[in-house]
Amino acid sequence: MAVSYNHIEIETKWRKKWEENPINVNDGKKPKYYCLDMFPYPSGAGLHVGHWRGYVISDVWARYKMMDGGHYVIHPMGWDAFGLPAENYAIKTGQHPAISTADNVANIRKQIDQIGAIRDWDMEVNTTDPAFYKWTQWIFVQMFKHGLAYEKEMPLNWCPSCKAVLANEEVVDGKCERCGSEVTKKNLRQWMLKITKYADRLLEGLDGLEWPEKVKKMQTDWIGRSYGAEVQFKIDGSDEEITVYTTRPDTLYGATFMVLAPEHELVAKITTPEQKEAVEAYCAAAANKSSVDRVQNKEKTGVFTGSYAINPLNGEKLQIWLSDYVLADYGTGAIMCVPAHDDRDFAFAKKFGLPIVQVISKDGKEDPDMQEAYTEASGTMINSGEWNGMESSVLKEEAPIMIEKKGLGKKTVNYKLRDWVFSRQRYWGEPIPIVHCPDCGPVAVPEDQLPVLLPDVESYQPTDTGESPLAAIDSWVNTTCPCCGKPAKRETNTMPQWAGSSWYFLRYVDAHNDKELVSREKADKYLPVDMYIGGVEHAVLHLLYSRFYTKFLHDIGVVSFEEPFTRLFNQGMILGPKGVKMSKSLGNVVSPDDMVRDYGCDSLRIYELFIGPPQQDSAWDERGIDGVNRFLNKFWNVACDSIEADVKETPEMVKLRHKLIADITMRLDQFALNTVVSKFMEYNNQMAKMVQECGGVDKTTIETYITLLAPFAPHLCEELWERCGHKETIFHNAWPKSDASLAADDVKEVPVQLNGKIKAVIKLSVDASKEEALEAAKKAVADKIQGAQIIKEIYVAGKILNLVIKK
RNA sequence: GCCGGUGUGGCGGAAUUGGCAGACGCAGCAGACUCAAAAUCUGCCGAUCGCAAGGUUGUGUGGGUUCGAGUCCCACCACCGGCACCA
């Protein structure tokens, strides 16, 4: 009689046993495997079924690695606990963020425990723990000492709702990545990290990584390296020069005017008295434009400065204009305009009636009536003096060198990547460990005085002025200069949330070290991360910042490797039942807690995998878990019956066993976890038939199945393993190996086609000759080929037999 | 606009990479068990024509390559994601 297994009893029992006797122990001899989840922000809302998915995937993988290859698995968990929600909650309720954070951590810790994952909580880290952020600050001090952290006043992205500056990576479509408010510009003095110094290494390091191509591409585009030339243009009647950056120096003869960004430093100097009023009005208007306006409105605007530049090659006079389509912070903030070969310059020239000179021709002839810019670098040079007749693609490569030889400019490289704006005007973050001294300037807090503790404040309210709430605590702000001992003031900005997450993965393996960030010995032994699992939303944020930090820590000798995450897997989101993102405000958040209670952890684990391909978004359908639960119950009965019946193995059972091993292992290695589950169901259905026919399957087969299923349904499988008579945990079992010769079929069903259409299926022995196969096939379709002429016979052994006929 | 990705039953999805399309599961329908229901079990389940055997058609659209195409090639459409005046 079919019975349901008691998931509450079994799961409680094994949870307790694993706690008493941990299954994942480091004996110092086993090879390590570091399988990491992106650590969560401990939000008050707790975990939903979407968080579960990533943690289930990583735990299945960790347990598989533990069995396959006998690894000691590093599979830790921690808390990315600085950040705005806790601070906003504090503003509303007056409760200190540390208290609400601790509550949330405790709650989520319970939820994570329900997943039944292997976790070593001795490694737990929390970014808000002074013992942890001491090292976040220490890294900043090292960067400061190496000239990578510097202060700069510049127009910055400002979120008026969060009341804080944002890094470029945090601005999406001109809006705040976190709250969606329109981002404005604000001129502020801020701390910057020189991530641009690592641009080339960040780009080149991507090559060796087993990451999704999509993420590599996003980082490549974000870094945005381009090759070209800087060219100097003299200003007519002045000693000043304008330097432009161009990727198309081959079109230099076609430059007919120039455009500077409204913020360019020469604007005031080159504006003529007649144009002064118009220029000032234009610059003021540009300064007030929001990022959204600037991005969305592509209609060209501009104003003439009244001055002219000289084309260095042909001496032509070029009008100098201002326009906000030229960005102040890319290249040199000034461009030479070649309307014939650039869409934007073309639109600008058409609008303001500026000359257009074609210098590249597809067919060697000039087009007297250009309707759009010809932007490809292929064709013959015309109107280009000594360059006439050259192939433009060749010239594009050679022009920078030729220009450099003539002393008109130089070959250069440019990047879209900007330095990282690293300070935030908020309370709940790591204080930046700097003291400002009137005599010595900014001075790093000495390492033996770290951490600089975050003080308590009266009010968490951020200000509109760009000052942190910390600035109001005189007793904390006023200190002495570590250098000269005179009165000085502390830096009151805090670090962005990304600071702790940029290096936390290093800390897990030596979480209690109070002398070093991580000991070199442990770093060499346990790092880097072998498999990193998390959402794709951090492609250019956390994942780029972590690579930058790791490269820096490599350069100062803390670690010996340059890339933190060898392999990356991005799991898809679990969407709400209607296919929209789960969110508190939409009220479509599904909590795992009830399902764990009703169906058990093992059922939910498997359903999270079965719902769809792991890298793809999937809409939650709560009915689907019934199918998985039925499968586990069915398997429970098959296993119990087989253990009891203790039948002798048959050739069918041996074949099933070896096919099962091969199928599951291959799909697991391909990360096709949803199909692993369907294969388990298929084989279980076959075994259920064997139970009906012969009372059960043999002991080896059922034990093999239990072993393979163990990473997916660990509690159930441990219980069954024990019922098979084993004393030791199933997870110390080696991963079964398949013998291909035992898995192979000796008779195959082969479809017989006539002209590519299936007309019959015949059974053929795998070693049947072509003649035998053809004979059998012709017999099977005899009535259909009567009177027809067979033109061609195709036989692919074990797969297909096709007869091409003509009537 | 540029660059990626995806498109298969009522639904989630499978197809060992060019060889039986729709595995597995959900939902649905019919039956068994039951006084009844739930649970469980058995069968059916793309469309279309047919009483049936069986035929035709079918993987976003149109073409092509091939004995054979969901899979490869060309053109297009739709949706999703990334970047977006980067010279």
Side-chain angles (χ1 to χ4, degrees), chain A residues 1-4 172-174 212-215 217-218 220-222 224-226 228 244-249 251 255 259 294-300 323-327 329-338 341-345 347-348 375 414-418 536-537 539-540 579 607 610-613 615-628 630-631 633-634 637 662-663 666-667 670 672 674-685 688 692 749-761 791-796 798-805:
Chain A
M1 226 220 33
V3 290
S4 296
V172 178
D173 289 335
E213 286 306 315
K214 182 186 168 170
V215 177
K217 183 83 170 40
M218 281 169 72
T220 304
D221 290 349
W222 190 260
R225 182 164 68 187
S226 69
V244 304
Y245 170 71
T246 178
T247 55
R248 296 297 302 278
T251 64
V259 176
R294 214 168 149 148
V295 165
Q296 280 172 358
N297 188 2
K298 292 202 173 134
E299 179 67 27
K300 296 285 175 289
S323 175
D324 64 3
Y325 85 87
V326 174
L327 306 175
D329 56 355
Y330 180 77
T332 61
I335 60 169
M336 65 174 208
C337 295
V338 187
H341 303 289
D342 181 278
D343 292 325
R344 296 148 304 179
D345 298 348
F348 195 85
T375 55
N414 247 296
Y415 304 89
K416 289 189 195 175
L417 185 70
R418 311 290 150 88
V536 75
E537 65 272 16
V540 290
Y607 183 54
F610 189 55
I611 192 163
Q615 69 283 1
Q616 192 176 294
D617 292 351
S618 298
W620 187 257
D621 177 1
E622 59 179 16
R623 289 176 305 193
I625 194 171
D626 283 322
V628 168
R630 279 176 205 142
F631 154 65
N633 274 320
K634 198 167 167 181
N637 285 295
D663 248 346
M666 182 191 73
R667 284 157 195 274
Q670 290 171 347
N674 54 323
T675 70
V676 170
V677 176
S678 33
K679 280 292 162 192
F680 272 126
M681 290 174 170
E682 252 181 271
Y683 284 102
N684 188 45
N685 291 341
Q692 282 185 352
E749 293 198 342
V750 178
V752 179
Q753 298 181 326
L754 292 183
N755 294 341
K757 297 206 168 179
I758 289 152
K759 297 293 171 187
V761 178
I791 300 168
K792 203 168 174 182
E793 294 160 339
I794 293 132
Y795 176 55
V796 183
K799 286 206 167 154
I800 203 86
L801 199 155
N802 190 13
L803 300 174
V804 185
I805 56 166

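The chains referred to below are lettered A, B, ... by the order of the sequence lines, with proteins before strands, and numbering in each begins at 1.
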So what does A:R418 hit on the nucleic acid, given a heavy-atom distance under 4.0 Å: a base, only sugar-phosphate, or nothing?
-> base

Where do A:S226 and A:T247 come nearest, in terms of heavy atoms and distance?
-> OG-CG2, 3.9 Å

Spacing between A:M336 atom CE and B:A87 atom P, to the nearest angstrom | 12 Å

Pick the P atom in B:U6 and in B:C74, then give their distance to the nearest Å.
-> 16 Å

Say you pick atom C1' in B:A21 and the same atom in B:U8; how far apart are they, in whole Å?
-> 8 Å

OP1 or OP2 of B:G4 sitting under 4.0 Å from any side-chain N/O of A:K217?
-> no

B:G9 versus B:G62 - spacing of their P atoms, nearest Å = 15 Å

Can you find a heavy atom in the side chain of A:D329 that is under 4.5 Å from one in the side chain of A:R418?
-> yes

Could you encode protein contacts along nucleotides 14-28 of chain B as a string, one character per nucleotide from 5' to 3', using B for base contact, S for sugar-phosphate-only contact and - for no contact, with a heavy-atom cut-off of under 4.0 Å?
-> SS---BBS-BBSSS-

CG of A:D343 versus P of B:G1: gap in Å, rounded?
-> 12 Å

Whole-angstrom distance between B:G25 and B:A14, as gauged at atom C1' = 11 Å

May I ask which nucleotide in the shown strands pairs with B:A36, Watson-Crick or G-U wobble, both distances under 3.5 Å?
-> none

Nearest-angstrom distance, C1' atom, B:U17 to B:C11 = 27 Å

Whole-Å distance between B:A53 C1' and A:K759 NZ?
-> 14 Å

Any side-chain donor near an acceptor of the partner, A:D345 and A:Y325, under 3.5 Å | yes

B:C45 -> Watson-Crick or G-U wobble partner, both distances under 3.5 Å, gives none

Counterpart base for B:U66, defined by Watson-Crick or G-U wobble contacts under 3.5 Å = none

When the P atoms of B:U71 and B:A75 are considered, how many whole Å apart are they?
-> 16 Å

Between P of B:C2 and CG of A:D342, the distance in whole Å | 15 Å

Nearest 0.5 Å please: distance from the CZ atom of A:R630 over to the OG atom of A:S4.
-> 11.0 Å

Per the O4'-C1'-N9-C4 / O4'-C1'-N1-C2 angle with a 90° window around 0, B:U56 comes out anti

When rounded to the nearest 0.5 angstrom, what distance separates CG in A:D342 from CE in A:M336?
-> 9.5 Å

Nucleotide opposite B:G1 in a Watson-Crick or G-U pair, distances under 3.5 Å | B:C83

Rounded to the Å, how far apart are A:Y607 OH and B:G13 P?
-> 10 Å

Please state how far atom NZ in A:K792 lies from atom C1' in B:G68, giving the value in whole angstrom units.
-> 10 Å

Separation of B:A84 P from A:Y330 OH (nearest whole Å) | 13 Å

Side-chain H-bond candidate by donor/acceptor type, A:K792 with A:N802, under 3.5 Å | no

Tightest non-hydrogen contact, residues A:G612 and A:S618, listed as CA-OG, 3.9 Å

Could you let me know what B:U6 is paired to, Watson-Crick or G-U wobble, both distances under 3.5 Å, or none if it's on its own?
-> B:A78

Tell me whether the OP1 or OP2 atom of B:A87 has a side-chain N or O from A:Y325 closer than 4.0 Å.
-> no

Scan every strand shown for a Watson-Crick or G-U wobble partner of B:C11, both distances under 3.5 Å, and answer none if you come up empty.
-> B:G25

Partner nucleotide of B:A53 by Watson-Crick or wobble geometry (both distances under 3.5 Å) | none

Test log, rule side-chain contact (heavy atoms from CB on, under 4.5 Å), inputs A:V752 and A:K759 = CA-CA 6 Å; A:V752 179; A:K759 297 293 171 187; 5.8 Å; no

Watson-Crick/G-U partner (both atom distances under 3.5 Å) of B:U16 = none

Expressed in angstrom and rounded to an integer, what is the separation of A:M218 atom CE from B:C80 atom C1'?
-> 14 Å

Residue mapping more 5' on RNA chain B - nearest nucleotide basis, A:A619 or A:W222 = A:A619

Residues A:D621 and A:Y607: closest non-hydrogen pair is O-OH, 2.5 Å

Those residues that, when tested against A:T220, pass side-chain contact (heavy atoms from CB on, under 4.5 Å) (two or more places apart) = A:L203, A:L206

About how many Å separate CD of A:Q616 and CD1 of A:I611, when rounded to the nearest 0.5 Å?
-> 11.0 Å

Any A:K757 side-chain N or O less than 4.0 Å from OP1/OP2 of B:U57 = yes

Short question: side chain of A:N755, backbone of A:I805 - any donor-acceptor pair under 3.5 Å?
-> yes

Quote, to the nearest angstrom, the C1' distance that separates B:G64 from B:G55.
-> 28 Å

Using the C1' atoms only, state how far B:C76 lies from B:G22, rounded to an integer number of Å.
-> 27 Å

Could you pull out the protein-nucleic contacts involving nucleotides 44-47 of chain B (nitrogen or oxygen on both sides, under 3.5 Å)?
none

Based on the glycosidic angle (syn within 90° of 0, else anti), state the conformation of B:G31.
-> anti

